[in-house]
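The structure appears below as structure tokens.
Each chain gets a letter, A, B and so on, in the order the sequences are listed, and its residues count up from 1.
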Number of protein chains: 2
Amino acid sequence: MAKLQKSIDKRNALIKSTIELVNNNGFHATPMSKIAKMANVSPATIYLYFENKQDLVNQTYLEVKSNYTAFVFETYDKDTSVKTGFELIWRRIADFNRTECEYSFFLHQCNNTQIIDEPSRKEGIRHLQPLLDLWKRGKQGGVIKPISDYILYACSINPLSFLMMAQKQDQFQLTEEQVEDAFLTAWDSITL
Amino acid sequence: MAKLQKSIDKRNALIKSTIELVNNNGFHATPMSKIAKMANVSPATIYLYFENKQDLVNQTYLEVKSNYTAFVFETYDKDTSVKTGFELIWRRIADFNRTECEYSFFLHQCNNTQIIDEPSRKEGIRHLQPLLDLWKRGKQGGVIKPISDYILYACSINPLSFLMMAQKQDQFQLTEEQVEDAFLTAWDSITL
DNA sequence: AAAAAAAGAATGAACATTCATTTTTATTTA
DNA sequence: TAAATAAAAATGAATGTTCATTCTTTTTTT
């Protein structure tokens, strides 16, 4: 395949530039020419790696999303109590939001706007399966509230995105202590 | 002022069209010509009412946001118990998300992207002052957890936005019953 | 009849994408 | 091994389109 001959470094540089520029200006306000310049590449070169602008952003999304899930479940062990398991996952997500703030912000933008096309977004959703399985077990064991996974997610995981955004906008500082508070709150919200 | 001579209907139509088109295509993918067409107006006419595209979207944002706050606190009475007060506000927000879904979605997009360059976008949750005051009282009375307002907001109010988004993307149906679940979850999360 | 509001067409800039060349890399031949 | 050639990758400069904004004219209101 031709693809594999081409420099993986260049592809990465393009993806990195895309993230940074989309984060700062939004997708439609980010010209290909700027992405190229930031990646030290000619505009034409982008089209050797990606079909077009939409493909570039879709692939960037999928790549970031897969980094995200890999990170989140890296330390997960499904043979633990529901509480331990949840805490493991939750804290990894919190870490990701804190340490990989650029990725996190990019994902947030993609999830909350019309940047990404449907198929890519759909593909992104499946990634949290282990957490859903854990919740299922928790519901069966009478630990987790027997309510929609969407509500569980909205109340326990999504707040981290919001706090990350608030932090990014300098409205709020997400310190260690705040993370503790947020965890206890998340746990309280989803348990019986 | 000339402004007041011009038709308020046209201005409203422009704002309405802006919301609808930005919701469906995003700001930068929405041409002025389409906004004009949807509002049954010539493109040039937009510039009689707004300075330019940025001004149009900024003003739309301010207008929607002020509708939101007016709606949310319309029924609020600060001389009630913390629980009653919170429930009043929370349910109004839920209603707004359900019945004024277009407004709600638009606000969400503005709050989570770089569309708006209005200082007021950076004000965070300050526009919800009565709610913050209520929480203060709740903290003093030992009802509400003594933690950052941002965390309280993230866990009890923000989930509604998330659920509205999920609904908008047809992943989820926010029924009456789900609203009940969500309310109990929200209340559990912020109380001691 | 004058002033204000609205319109459609024109302008010029920005931008995604493609084209024609050049540069780099890999392969073959002597 | 080194020169010669072929293939791949990369480029800068076009291309053609889209679009925000403005200009000139027409319509409506006062």
Side-chain angles (χ1 to χ4, degrees), chain A residues 1-61 106 109-110 113-117 120, chain B residues 1-61 106 109-110 113-118:
Chain A
M1 266 291 269
K3 282 279 168 59
L4 295 178
Q5 303 305 319
K6 292 175 214 155
S7 155
I8 190 73
D9 291 345
K10 259 175 201 152
R11 186 175 188 278
N12 288 341
L14 284 168
I15 287 195
K16 188 160 184 283
S17 306
T18 302
I19 294 169
E20 183 165 342
L21 289 168
V22 169
N23 278 355
N24 291 318
N25 314 313
F27 174 58
H28 291 286
T30 299
M32 294 295 256
S33 56
K34 271 196 194 163
I35 297 176
K37 186 170 284 175
M38 179 175 276
N40 284 313
V41 139
S42 152
T45 304
I46 299 182
Y47 293 85
L48 298 175
Y49 292 83
F50 303 94
E51 261 181 57
N52 51 39
K53 198 180 176 187
Q54 187 63 53
D55 182 48
L56 167 59
V57 76
N58 284 345
Q59 292 206 37
T60 303
Y61 172 74
F106 181 79
Q109 295 221 54
C110 293
T113 61
Q114 316 290 39
I115 298 178
I116 300 300
D117 60 21
S120 303
Chain B
M1 265 292 269
K3 281 283 168 58
L4 296 178
Q5 303 306 319
K6 292 174 215 156
S7 153
I8 190 74
D9 291 344
K10 260 178 199 149
R11 186 174 190 278
N12 288 340
L14 283 168
I15 288 196
K16 187 158 184 284
S17 306
T18 302
I19 293 170
E20 184 165 341
L21 289 168
V22 169
N23 278 354
N24 291 319
N25 314 313
F27 173 58
H28 290 286
T30 298
M32 293 295 258
S33 55
K34 272 195 193 163
I35 297 176
K37 186 170 284 176
M38 179 175 276
N40 285 314
V41 138
S42 152
T45 303
I46 300 182
Y47 293 85
L48 299 175
Y49 291 83
F50 303 95
E51 262 181 55
N52 51 38
K53 197 181 176 186
Q54 188 63 53
D55 183 47
L56 167 60
V57 74
N58 282 347
Q59 292 207 39
T60 303
Y61 172 72
F106 180 79
Q109 294 221 55
C110 293
T113 61
Q114 317 288 37
I115 297 178
I116 302 297
D117 78 351
E118 234 295 306

Please report, rounded to the nearest Å, how far the [atom2] atom of [N] is from the [atom1] atom of [X].
X	N	atom1	atom2	answer
A:Tyr47	D:dA8	OH	C1'	20 Å
A:Asn52	D:dT17	CG	C1'	16 Å
B:Phe27	D:dC19	CZ	C1'	12 Å
A:Ile8	D:dA9	CD1	P	13 Å
A:Glu51	C:dT18	CD	P	10 Å
B:Lys10	D:dT28	NZ	P	10 Å
B:Leu48	C:dA7	CG	P	9 Å
A:Asp55	C:dA16	CG	P	15 Å

Hey, are the side chains of [X] and [Y] touching, using non-hydrogen atoms and a 4.5 Å cut-off?
X	Y	value
A:Leu56	A:Asn52	no
A:Gln54	A:Phe27	yes
B:Lys53	B:Ile46	no

*Distance from B:Asn58 atom CG to B:Asp117 atom CG, nearest 0.5 Å?*
4.5 Å
*Counting just side-chain N and O atoms, does A:Tyr49 come under 4.0 Å of either OP1 or OP2 of D:dA10?*
yes
Return the polar atom pairs (N/O with N/O) between nucleotides 8-13 of chain C and the protein under 3.5 Å, or none.
| unit_1 | atom_1 | unit_2 | atom_2 | d |
| --- | --- | --- | --- | --- |
| C:dG8 | N7 | B:Ser42 | OG | 3.1 |

Identify all pairs in which a protein N or O lies below 3.5 Å from an N or O of nucleotides 25-27 of chain D, and state each distance.
none

_A:Gln59 versus A:Asp55, side-chain donor and acceptor atoms under 3.5 Å_ = yes
*Closest to the B:Lys53 side chain: C:dA6, D:dA10, D:dA20?*
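From the listed options, D:dA20 comes nearest.
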_Minimum heavy-atom distance A:Pro43-A:Ser33, with the two atoms named_ =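 A:Pro43 and A:Ser33 have their closest heavy atoms at CG-CA, 4.5 Å.
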*Taking all non-hydrogen atoms of both residues into account, name the closest pair between B:Ser42 and B:Ala36 and its distance.*
C-CB, 3.8 Å
*Enumerate the residues from residues 28-39 of chain A whose closest heavy atom to DNA chain C is under 4.0 Å, giving them by residue number; use none for an empty result.*
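Per residue number, the list reads A:Thr30, A:Pro31, A:Met32.
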*B:Asn25 and A:Gln114: side chain to side chain contact (heavy atoms under 4.5 Å, CB included), yes or no, with the steps?*
CA-CA 6 Å; B:Asn25 314 313; A:Gln114 316 290 39; over 6 Å; no
*Determine yes or no for a side-chain-to-main-chain donor-acceptor pair under 3.5 angstrom, with A:Ser120 supplying the side chain and A:Ile116 the backbone.*
no
*asked:* side chain to side chain contact (heavy atoms under 4.5 Å, CB included), that's the test. Do A:Phe106 and A:Glu20 meet it? Break it down for me.
replied: CA-CA 8 Å; A:Phe106 181 79; A:Glu20 183 165 342; over 6 Å; no
*Going by the side chain to side chain contact (heavy atoms under 4.5 Å, CB included) test, name the single residue among A:Thr60, A:Thr45, A:Val57, A:Ile15 that passes it with A:Phe50.*
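Testing A:Phe50 for a side chain to side chain contact (heavy atoms under 4.5 Å, CB included) against A:Thr60, A:Thr45, A:Val57, A:Ile15 leaves exactly one candidate, A:Ile15.
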